[in-house]
Amino acid sequence: MGSTVHVVDIPEGGGSLESVCMEKKKNGDRVSVFLFLVSSVKEMKNEVDVRKCVHSLKVGVALVLVSLLYFLDPLYKEVGDDNAMWAIMTVVVIFEFYAGATLGKGLNRGMGTILGGALGCMTSTLGQQIGGIGNSIIVGIAVLSFGGAATYCRMKPSIKVRYDYGAMIFILTFSLVAVSGLRFEKVIELARERLLMIALGFVICIFISLFVFPTWASDELHHSFVSKFNSLASSIEGCHEEYFKVLKNEKEDKPITNFSKCKSVLNSKSKDESLANFAKWEPWHGKFGMSYPWDKYLKIGEILRELAATIFSLQASLQPAPTESMRNLRQSIKEPCLEVGSSLAWALKELGESLKKMKKCKAQILIVPKLKSARMQLTEVALICPSNAAEGLEIASFVFSLMEMLHKLEILAKEVDELGELACFKQCDQ
């Protein structure tokens with residue numbers, strides 16, 4: 001039984017494969033199921049993040065390398081089964097998606113292990129010298145003191161952000177080594193062997209993470225901030241276009257502004273803080289040097305979220321004008337408000353472009369004066385709004401939101417200027 005393959009022509013720039021196939025089906029044409037399978041595979045391919053695949057392969061390679069301790073007899077006889085396990089465990093625990101996260105976690109694990117092991121050995125040795133019931137008392141007091149102090153430090157925000165994992169490893173290592181000293185006389189030799197295996201796993205992770213297709217948290221944080229500026233600029237443009245649109249009929253009452261971009265900016269705090277923390281651990285690479293001012297990015301992020309919240313508050317104002325007088329009132333302030341909206345979007349794009357190219361934008365000279373001029377325009381608009389009508393209240397609310405955006409943008413321009421100074425951005429003409 002033969003089969004027929006129907007070729008479906010897709011117009012340039014017009015619709016997806018599924019939409020064309022559905023249109024053909026509505027017209028009575030037969031469409032091969034193969035086309036839908038091809039479309040599905042294509043969508044699945046687009047959803048696959050290549051970086052995740054690369055990271056998975058890197059972890060697999062690291063596990064193979066540390067597994068050689070089991071596969072090669074000379075190495076296995078030298079380190080033993082128990083010690084080789086620590087190398088594999090180290091790879092599984094510290095190998096993270098971002099290079100900075102892997103380095104930070106590895107250094108935390110190393111510092112926690114060394115410090116906890118050293119204090120544990122000292123506690124064990126002191127207890128054995130005293131002997132008898134005094135041994136148990138010394139170990140108990142030490143575990144209570146150091147374990148409690150480390151736990152208290154873990155609850156301090158400044159330590160929890162960067163050193164929480166190291167403090168946890170310190171508590172674990174110290175407790176195990178100190179208590180094990182009650183029964184094992186060779187605790188120092190045991191700690192030395194396990195530390196060597198942990199160091200081996202750490203070196204393998206760091207080498208693969210930093211030198212084999214590294215994924216830098218700093219790059220992702222930097223690019224995400226550039227996209228935030230552009231996203232908020234497009235949201236402002238959409239708000240103004242929708243607020244002043246004139247509907248010809250009810251079918252045209254469709255929203256223009258997509259507030260999902262504002263929501264993504266509003267919900268970005270946790271991710272920004274994590275990426276900034278990972279970026280602080282990363283060594284010099286590309287355009288980011290040592291001691292790069294990542295905290296300034298977090299401060300800029302706070303202002304961007306406040307700006308996004310102000311834009312999002314306009315959602316209630318973007319309803320069609322219910323009356324003819326309201327439509328006329330909106331049209332009367334359309335020109336100055338559109339100019340202000342254009343200035344806001346332009347300023348955001350300029351600041352984003354400055355951040356993207358890492359060049360000083362001279363915001364206090366080029367951007368802030370234009371924002372102040374826009375503020376004067378809004379002040380004039382506010383004066384002509386009627387004060388005793390519901391329409392006037394609605395217009396005043398819209399104008400007030402624009403005023404708030406201008407204020408936030410002036411602060412934002414100052415912060416971007418300071419970032420350019422701290423990060424040593426190039427001059428615009430370079």
Side-chain angles (χ1 to χ4, degrees), residues 223-247 253-269 272 297 299-321 329-356 361 363-364 366-382 385 394-417:
H223 295 316
S224 70
F225 267 74
V226 173
S227 65
K228 287 177 186 177
F229 280 91
N230 295 327
S231 296
L232 294 183
S234 63
S235 295
I236 290 176
E237 292 174 335
C239 285
H240 281 74
E241 182 181 352
E242 185 165 350
Y243 188 76
F244 293 106
K245 71 180 179 180
V246 178
L247 301 179
D253 188 11
K254 296 180 180 180
I256 299 174
T257 309
N258 185 3
F259 285 99
S260 61
K261 294 180 180 179
C262 288
K263 290 181 181 179
S264 65
V265 175
L266 285 171
N267 298 327
S268 64
K269 182 178 180 179
D272 290 348
Y297 275 75
K299 193 170 183 179
I300 291 174
E302 288 291 339
I303 302 172
L304 287 173
R305 282 188 287 274
E306 292 174 3
L307 181 60
T310 305
I311 298 172
F312 194 76
S313 67
L314 290 176
Q315 188 174 15
S317 302
L318 301 183
Q319 302 298 326
L329 187 56
R330 287 189 183 183
Q331 292 303 310
S332 66
I333 64 169
K334 178 178 180 179
E335 185 175 348
C337 286
L338 286 180
E339 290 182 7
V340 172
S342 177
S343 298
L344 288 168
W346 170 82
L348 278 169
K349 291 177 181 178
E350 285 294 314
L351 293 174
E353 191 69 13
S354 169
L355 192 63
K356 179 181 179 181
C361 61
Q364 298 300 319
L366 301 177
I367 296 178
V368 173
K370 191 168 183 177
L371 295 178
K372 290 182 177 179
S373 176
R375 183 185 292 274
M376 294 179 62
Q377 285 182 292
L378 280 182
T379 303
E380 295 176 358
V381 171
C385 292
E394 194 266 349
I395 294 293
S397 176
F398 182 78
V399 172
F400 175 79
S401 296
L402 295 183
M403 285 280 195
E404 186 68 15
M405 291 182 202
L406 287 170
H407 176 65
K408 296 298 181 185
L409 260 177
E410 290 179 8
I411 300 175
L412 192 61
K414 180 182 177 181
E415 294 296 333
V416 173
D417 260 356

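Only heavy atoms go into these numbers, but all of them, side chains included; no hydrogens, no water, no symmetry mates.
- The structure places CD1 of Ile311 at 10.0 Å from OG of Ser401, a figure rounded to the nearest 0.5 Å.
- Contact check for Ser234 versus Lys261: side-chain heavy atoms found under the 4.5 Å cut-off.
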*Report the C-alpha distance between His407 and Thr310 in whole Å, list the side-chain angles of each, state the deciding distance to 0.1 Å, and finish with yes or no for side chain to side chain contact (heavy atoms under 4.5 Å, CB included).*
CA-CA 11 Å; His407 176 65; Thr310 305; over 6 Å; no
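- Between Leu232 and Cys262, the closest side-chain pair of non-hydrogen atoms falls below 4.5 Å.
- The structure places CG of Leu412 at 10.5 Å from CG of Asp417, a figure rounded to the nearest 0.5 Å.
- Shown here is Glu335, whose CD atom has no more than 12 heavy atoms of other residues, nucleotides or ligands within 6.0 Å.
- The NZ atom of Lys349 lies 14.0 Å from the CZ atom of Phe229; values are rounded to the nearest 0.5 Å.
- In terms of modelled atom types and a separation under 3.5 Å, the side chain of Ser342 and the main chain of Leu338 share no donor-acceptor contact.
- A heavy-atom distance below 4.5 Å is found between the side chains of Phe259 and Cys239.
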*Using the side chain to side chain contact (heavy atoms under 4.5 Å, CB included) rule, take Glu350 and Leu366 through it: C-alpha gap first, then chi angles, then the decisive distance, then the call.*
CA-CA 10 Å; Glu350 285 294 314; Leu366 301 177; over 6 Å; no
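- Put simply, the side chain of Arg330 does not reach to within 4.5 Å of the side chain of Phe398, judged on heavy atoms.
- Residue Lys299 qualifies as open at atom NZ: its count of foreign heavy atoms under 6.0 Å is 12 or below.
- The side-chain hydrogen bond (donor to acceptor under 3.5 Å, both in side chains) test applied to Glu404 returns no partner, not counting sequence neighbours.
- Looking at heavy atoms from C-beta onward, Leu355 lies out of side-chain contact with Val416 at the 4.5 angstrom threshold.
- The backbone N or O of Pro369 lies less than 3.5 Å from no partner atom in the side chain of Ser373, so there is not a single donor-acceptor pair.
- A side-chain donor-acceptor contact under 3.5 Å links Ser268 to the backbone of Val265.
- Residues Leu402 and His240 have side chains in contact (heavy-atom distance under 4.5 Å, counting atoms from C-beta outward).
- Contacts of Glu339 classified as side-chain hydrogen bond (donor to acceptor under 3.5 Å, both in side chains), with partners at least two apart in sequence or in another chain: Gln377.
- In this structure, the side chains of Ile367 and Leu409 stay at 4.5 Å or more apart for every pair of heavy atoms.
- Contact check for Met403 versus Thr379: side-chain heavy atoms found under the 4.5 Å cut-off.
- Applying the salt bridge (charged side-chain N to carboxylate O under 4.0 Å, His left out) test to pairs two or more places apart or on separate chains, those with a residue in residues 304-316 are Asp272-Arg305, Glu302-Arg305, Glu306-Lys408.
- Residues Leu371 and Ser343 share a closest heavy-atom pair of CD2-O, 4.4 Å.
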